[in-house]
Visitor: 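I have a structure here, written as structure tokens, and I will follow up with some questions on it.
All heavy atoms count here, side chains included; hydrogens, waters and symmetry mates do not. None of these values were measured; they are calculated from a predicted model.
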Amino acid sequence: MSVSFFKRILKELPPYMLKPTNTVIQVAFSFLFAVFFLNMYVPFSQTSWFELGKSQYFYFTAGFILGALVILIVSRILLYHLSKYIQMNYLVYLIWCLVEITLIAAVYTWVTVDLVIPDFKDVSVIWTKASFSTLFALGIPYVITNMYFSIVDKNNTIRLLNFDNVVSDEVVKQDEKKITLFDNNGALKFSVSSSNLYYIESDDNYIKVWYTDNKKELKQYMLRCRLKAVEESFRDSQLVRCHRKYIVNMQKVAVLRKETDGYHLDLDNEQIQSLPVSKTYVENVLHVFTDERPLLEPIDESNF
């Protein structure tokens, strides 16, 4: 496996993958898909007993379905709360899903060996088939739902638009860009020229957009959106994450200062206090200053 693969799998998990509404949709779809798959799989396996019709296995089937659903619900609740205390990445999420699948397969094996087919002695055969079928029954809907959530997130959260194709009664420069912000539901809420935007501040589940209007007066606009979504949507642009609470427009930075407590950014507006640069994001900021310096205001090197 390449180094790039390990870098990708260790990346922080996108917020939409743990969003409560998306989790409910994923669990519901996965559950329905699994029930359908297992019913289709029964005729092709000697150790399968999964039946929803009137048969001697109905109560075992109903009990197993209820137990598997409880496992999924409890697991996702724990995962959601755990994500508030530790940084979740793709590797942790993958391991978590595999543990869910293993646990459900173990329950199926136990019910089969101890209750449904007690005469069947080869537990390894049942365990292997149960693991395979559970991996297929849950793995496919997990992949489908996460791909769907990714598409929705990319299309509806936040976009960076060229101003060239916008019809307006104002004279617009060809190279001017418009930063358009959407809320968590995909509704267009705010649009501002990149030349007027200073920084974006996190406020719990909301963000505050600090900008100047046509009269050069400093304003703020608040909308329901996560700062992480802004960071991901405007990656490789002039908007750079400098702190867990701030994303700054690097074109508005006048001075980068290094103090005893770390780096600070002074913007070209005296009404705005300097923004701190945390250790987590200091490389992002320094990279812009070293590699994209022509795009920025002159740097006060006497402070380094």
Side-chain angles (χ1 to χ4, degrees), residues 8-9 13-83 88-154:
R8 286 196 297 268
I9 202 170
L13 204 66
Y16 64 81
M17 292 184 68
L18 298 178
K19 188 177 178 182
T21 53
N22 287 350
T23 299
V24 172
I25 294 173
Q26 185 177 62
V27 170
F29 177 74
S30 300
F31 177 74
L32 294 175
F33 181 90
V35 171
F36 172 80
F37 166 77
L38 291 176
N39 271 288
M40 297 297 101
Y41 177 71
V42 167
F44 303 97
S45 176
Q46 296 178 346
T47 60
S48 296
W49 43 265
F50 197 85
E51 293 185 23
L52 294 176
K54 294 182 179 180
S55 70
Q56 58 179 331
Y57 299 131
F58 172 76
Y59 294 106
F60 294 119
T61 300
F64 173 76
I65 291 176
L66 180 61
L69 182 60
V70 170
I71 289 174
L72 287 179
I73 293 175
V74 172
S75 172
R76 292 302 160 140
I77 292 175
L78 291 175
L79 180 63
Y80 174 75
H81 288 289
L82 184 63
S83 66
M88 303 297 297
N89 54 41
Y90 285 98
L91 179 60
V92 174
Y93 181 78
L94 177 61
I95 294 174
W96 194 279
C97 292
L98 291 176
V99 170
E100 288 178 347
I101 292 171
T102 302
L103 185 57
I104 293 176
V107 172
Y108 183 91
T109 303
W110 170 73
V111 173
T112 303
V113 174
D114 288 358
L115 302 176
V116 182
I117 316 177
D119 297 332
F120 199 94
K121 303 302 181 181
D122 197 345
V123 179
S124 62
V125 173
I126 298 177
W127 165 252
T128 302
K129 292 186 176 181
S131 300
F132 171 78
S133 58
T134 308
L135 176 63
F136 190 88
L138 292 181
I140 289 180
Y142 281 176
V143 172
I144 292 175
T145 51
N146 283 326
M147 289 178 62
Y148 171 75
F149 297 147
S150 176
I151 294 172
V152 171
D153 181 74
K154 289 183 182 299

Visitor: Who passes side-chain hydrogen bond (donor to acceptor under 3.5 Å, both in side chains) against N22, sequence neighbours left out?
Guide: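 N22 satisfies side-chain hydrogen bond (donor to acceptor under 3.5 Å, both in side chains) with no residue once adjacent residues are dropped.
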Visitor: For the atom pair CG (L103) and CG (L72), what is the distance rounded to the nearest 0.5 Å?
Guide: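 Here the rounded value is 9.5 Å.
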Visitor: Return the CG to CD1 distance between N146 and I151, rounded to the nearest 0.5 Å.
Guide: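 Output value for this atom pair is 11.5 Å.
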Visitor: Over all heavy atoms of both residues, which pair between T23 and M17 is shortest? Give the atoms and the distance, please.
Guide: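 Distance-wise, the nearest heavy atoms are OG1-O, 4.3 Å.
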Visitor: Just how far is it from atom CD1 of I104 to atom OG of S131, taken to the nearest 0.5 Å?
Guide: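 It is 11.5 Å, given to the nearest 0.5 Å.
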Visitor: Applying side-chain hydrogen bond (donor to acceptor under 3.5 Å, both in side chains), name anything that partners S75, two or more places apart in sequence or on another chain.
Guide: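 Checked S75 against side-chain hydrogen bond (donor to acceptor under 3.5 Å, both in side chains); matches are W96, E100.
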Visitor: Tell me whether the NZ or CZ atom of R76 lies within the 45° cone about the ring axis of Y142 and under 6.0 Å from its centre.
Guide: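 Pair R76/Y142 counts as cation-pi.
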Visitor: Nearest 0.5 Å, what's the CZ-CD1 distance between F29 and I140?
Guide: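 That separation rounds to 9.5 Å.
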Visitor: Look up atom OH in Y80 and atom CG in L82, then write down how far apart they are to the nearest 0.5 Å.
Guide: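 So the OH of Y80 and the CG of L82 are separated by 12.5 Å.
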Visitor: How long is the gap from OG1 on T21 to CD1 on I25, to the nearest 0.5 Å?
Guide: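 Rounded to the nearest 0.5 Å, the OG1-CD1 separation comes out at 6.0 Å.
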Visitor: L138 pairs by side-chain contact (heavy atoms from CB on, under 4.5 Å) with which of I101, L98, V143?
Guide: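 The option that passes is I101.
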Visitor: Kindly indicate whether the side chain of Y90, heavy atoms from C-beta on, has any atom under 4.5 Å from the side chain of L13.
Guide: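 With C-beta onward as the side chain, the pair touches.
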Visitor: For the residue pair V27 and L69, establish whether any side-chain heavy-atom pair is separated by less than 4.5 Å.
Guide: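 They are in contact (side-chain heavy atoms under 4.5 Å apart), so the answer is yes.
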Visitor: Which residues pass the ring pair (Phe, Tyr, Trp, His ring centres under 6.0 Å) test with F136, sequence neighbours left out?
Guide: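 Testing F136 for ring pair (Phe, Tyr, Trp, His ring centres under 6.0 Å), a comparison that skips the adjacent residues, returns F37.
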Visitor: Please report the closest heavy-atom contact between N89 and V92, naming both atoms and the distance.
Guide: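 The answer is OD1-N, 2.8 Å.
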